[in-house]
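We name chains A, B, ... by the order of the sequence lines, and we start the count at 1 in each one.
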Amino acid sequence: MTPLTQAQAARFSALCSVILPASGQMPAAGALDLAARELGMVRKLRPASEAVLLRLLARCPESVTPDWFDDCARECPEDCRQVVILVCAAYYLHPEVRRLLNYPGQQALTLPRGGFGQEELVIEMMSGPKRYRPAD
Amino acid sequence: MTARDESDVLVIGAGLSGAITSLRLAQAGIRVTCLEQGEWQNPEDYPGDKPTFEVAAMGPWHANPNVRGNSADYPVADDTSDIAPMLFNGVGGSTVLFSAHWMRFLPSDFRVHSLDGVAADWPFDYGELAPYYDRVEHDIGVSGIAGDPAYPDRPEYPMPPLPIGDWGERVAAAHHRLGWHWWPGSNAITSRPYNGRRPCVQRSTCRGGCNEGAKGTVDRTHWPKALSLGVDLRTGARVSRIVVDRNGLARGVVYHDAGGEEREVRAKVVILAAHAIGTARLLLMSACPGWQDGVANRSGRVGRNLMMHPLARVVGFFDADLHSWQGHWGQSLYSLEFAETDRRRGFVRGAKWNLVPSGGPLLAALYPTDGAPGWGAGIHERVSRWLGRSAIWGITAEDIPHPDNRVTLDDALSDAHGNPAPRLHYRVDDNSRSMLAYMVERARESFLEAGATGTEAQALAPDTGWHALGTCRMGDDSATSVVDRWNRSHDIPNLYVVDGSTFVTGSSVNPAATIAALALRATERLLDQRRNQRVPI
Ligand SMILES: Cc1cc2nc3c(=O)[nH]c(=O)nc-3n(C[C@H](O)[C@H](O)[C@H](O)COP(=O)(O)OP(=O)(O)OC[C@H]3O[C@@H](n4cnc5c(N)ncnc54)[C@H](O)[C@@H]3O)c2cc1C
Ligand code: SF4
């Protein structure tokens, strides 16, 4: 897995901002320098996407616009789908994005000590009639 | 020259059914060899406790062997199937990745033809399987609560149920108001310390393997005991054919060992536990003079009647912070309100609903429902509606078995040892499509009654072939079934099939509990009859 060249990184960042532009408090994916760390983590887990990404970056014009990406997705939907996955995967790994979403990742918790929830309703159902279909 | 050795019983596959059978035989003092094409998994490798979990679950830990592409996997040609195959090859089999929903069949599931005039009846009833359900629940470690009125009476579960979650409480109350069935989820997941296993930590990453050992996977629950009793479990051992002798008896199998060398093991009894796709493939692959259409296939039924449980999903969005990325990715609760036939609905049989938490931000961004944004600012909106604020109904339809839905061998694709890959031919029929369309609307009602502000649906989820069943149907008639009521081949008296391929019908509920109970029942019978067989053991 070779790091992106400077030119590729610039195009990648432009592409990122089309796929995930800024919205509300959420930053554009292109503003986060995902190529520096998160993209590498994702590429390691999706090695088959490597060639797809490089192919798409090679097609990118000087200025990547949503219209261009729309056209591209019509011409090569699978390549674009793979790149959307790469960008989203890298974006939602970024610590700033997780902080803004209030998402700490999947955590190990201690099971609550109380009941399982809605116990009274369960007890009521238990005392009701059987409802399975007789099979004899 | 092919290296050769011998055993009393040879089991193919170290997954759910293979583990149960091997352990029970070993407990009875039988010499068992089990051949498994995959390897042991190291729980430290499971992605659940790593920040990249969601990405890993879409790649190296994907349940689809074609996406995962591990060296232990065989490819499955699936471009002729509406549903992609999902399974795992390794010690523990598909339980390594399974979601651990642990459900018994309903009594009516054994009598589908008599009750509804479709498919066929099982050769025995619920009552006959019930004691085996009871036993396997203790071995696997199941949490839940007895008393569900949708079932006959049953003993208490080994552990109390896991919490149903904030989302579960809302939906449960809604079903109460609607007068619809619901019940706290029964899961092969520990809710307290159990047989040396820690309780679940609710990380919601069950589909990538359980780092904590809380999920009842047979590499933990069965294999250590089986090994201590002397079972010879050989990993990296891919079976390429079953050898049948001139007397019409299974003589053993030929396999490639981890070093790629071809070997033969001979045995008095051969037991297939290689999953409904793998078992049908192996029987077809073993075709030889005298068995041109595949071993044990005089009925022509091997590979046919494939069932896949077509699945729909409905997401409910709540205006509240429910932290719904946490929680067991087993079932919080289930509903059997629509599991039985009601012909006024326009289809026969029914569906099981299971409520699950809603995953992390990547799933929220990419999940392909009818409201999926694709790319652009819509993804942010989707994630902010979804993450921690939603729950998902998974809706599993009972599909009626059709002979044309089947596993065959592919002409072009093969595994690393040159064995032909299985090809899936599976079309979702009109009955299943009508059923899922109906269920999606009811599930939207369920969420809206629970206070959801909106819903999104996926009417047929193609990446959900977790429950392949039926490819070596059981029955009393050797012309229409592959094995008898005791899982023994009609054609070859010392060949057994104990996995999910023997299912006559698939029910709407998840199959693992029934596969497990069936494997135990078949093994008990084999032990009982061991001296009276054509080849005694
Ligand atoms: C992602 C996922 C989620 C699921 N969730 C649930 C759930 O919540 N509840 C439920 O009830 N069920 C669930 N299932 C289904 C359940 O796990 C399977 O039905 C069950 O494990 C099948 O048991 P089996 O013994 O037939 O096959 P498996 O457990 O798949 O084991 C078969 C074994 O045979 C081996 N094998 C195959 N061919 C060969 C060969 N030629 N040589 C050597 N070895 C071979 C394989 O490598 C494999 O290890 C799920 C499955 C998946 C994949
Ligand atoms: S949620 Fe529980 S069972 Fe699932 S992976 Fe986490 S600890 Fe294991």
Work out which heavy atom in W182(B) is nearest to a heavy atom in L121(A); give both atom names and the distance. CZ2-CB, 3.9 Å
Among C88(A), A22(A), P134(A), which residue forms the greatest number of heavy-atom pairs with chain B at distances under 4.5 Å? C88(A)
Looking at CG of N102(A) and CG of L387(B), how far apart are the two atoms once the value is rounded to the nearest 0.5 Å? 9.0 Å
Just by modelled atom types, is the W325(B) backbone N or O under 3.5 Å from a matching donor or acceptor in the Q106(A) side chain? yes
Part of I123(A) lying under 4.5 Å from any heavy atom of chain B: neither
All heavy atoms of G117(A) vs all of I164(B), minimum pair found to be O-CD1, 3.7 Å
Side chain from CB out, backbone as N, CA, C, O: work out which of these in S114(B) comes under 4.5 Å of a heavy atom of chain A, or both, or neither. neither
When you compare the side chain of M26(A) with that of S384(B), does any pair of heavy atoms fall below 4.5 Å? no
Please check: side-chain N/O of H380(B) versus main-chain N/O of P21(A), any donor-acceptor pairing under 3.5 Å? yes
Winner by heavy-atom pair count (cut-off under 4.5 Å) against chain A, out of H323(B), M58(B), E381(B): M58(B)
Do D153(B) and K130(A) meet the salt-bridge criterion of a basic N to acidic O distance under 4.0 Å? yes
Highest number of heavy-atom pairs under 4.5 Å with chain B: which of T110(A), V18(A), V87(A), V122(A)? V122(A)
Step by step, work out the side chain to side chain contact (heavy atoms under 4.5 Å, CB included) result for I145(B) and M126(A). CA-CA 10 Å; I145(B) 182 164; M126(A) 275 179 185; 3.7 Å; yes
Which bit of P184(B) comes within less than 4.5 Å of chain A, counting heavy atoms only: side chain, backbone, both or neither? side chain
For L111(A) against T190(B), the heavy-atom pair lying closest together: CD1-O, 4.5 Å
Between the CG atom in L109(A) and the OG atom in S204(B), the distance rounded to the nearest 0.5 Å is 10.0 Å
Between P199(B), P163(B), A172(B), which shows the greatest number of heavy-atom pairs under 4.5 Å with chain A? P163(B)
Of the non-hydrogen atoms in P60(B) and L45(A), which two are nearest, and what is the gap between them? CD-O, 3.2 Å
What are the two closest heavy atoms between Q118(A) and A173(B), and how far apart are they? NE2-CB, 3.6 Å
Expected output: side-chain R111(B) to main-chain A135(A) donor-acceptor under 3.5 Å: yes
Based on non-hydrogen pairs under 4.5 Å, which of S332(B), G376(B), G147(B), A377(B) is most in contact with chain A? G376(B)
Does the side chain to side chain contact (heavy atoms under 4.5 Å, CB included) test come out yes or no for Y92(A) and V383(B), once each step is laid out? CA-CA 10 Å; Y92(A) 290 108; V383(B) 172; 3.3 Å; yes
Side chain, backbone, both or neither: which part of L20(A) has a non-hydrogen atom closer than 4.5 Å to chain B? both
Greatest number of non-hydrogen atom pairs under 4.5 angstrom with chain A, of P107(B), A150(B), P47(B), falls to A150(B)
Using non-hydrogen atoms only, which part of L366(B) is less than 4.5 Å away from chain A: side chain, backbone, both, or neither? side chain
Least distance between heavy atoms, G374(B) atom then V84(A) atom: O-CG1, 3.7 Å
For P47(A), which atoms come within 4.5 Å of any heavy atom of chain B: side chain, backbone, both, or neither? neither
CG/L362(B) to OH/Y103(A) distance, rounded to the nearest 0.5 angstrom? 9.0 Å
Which answer fits E124(A), side chain, backbone, both or neither, if we ask what part of it has an atom under 4.5 Å from a heavy atom of chain B? side chain
When you look at L333(B) and F116(A), which way does the side chain to side chain contact (heavy atoms under 4.5 Å, CB included) test go after all the steps? CA-CA 11 Å; L333(B) 53 87; F116(A) 52 82; over 6 Å; no
Is the ring centre of Y132(A) less than 6.0 Å from the ring centre of H181(B)? no
How long is the gap from CZ on R46(A) to OG1 on T52(B), to the nearest 0.5 Å? 12.5 Å
For chain A, which candidate among G59(B), P361(B), G388(B) shows the most heavy-atom pairs at distances under 4.5 Å? P361(B)
Whether Q326(B) side chain and Q107(A) backbone form a donor-acceptor pair below 3.5 Å: yes
To the nearest 0.5 Å, tell me how far R131(A) CZ sits from L336(B) CG. 7.5 Å
Part of Y91(A) lying under 4.5 Å from any heavy atom of chain B: side chain
Under 4.5 Å heavy-atom distance to chain A, tell me which part of A365(B) shows up: side chain, backbone, both or neither. side chain
Whatever's closer than 4.5 Å to a heavy atom in chain B on R81(A) counts as neither
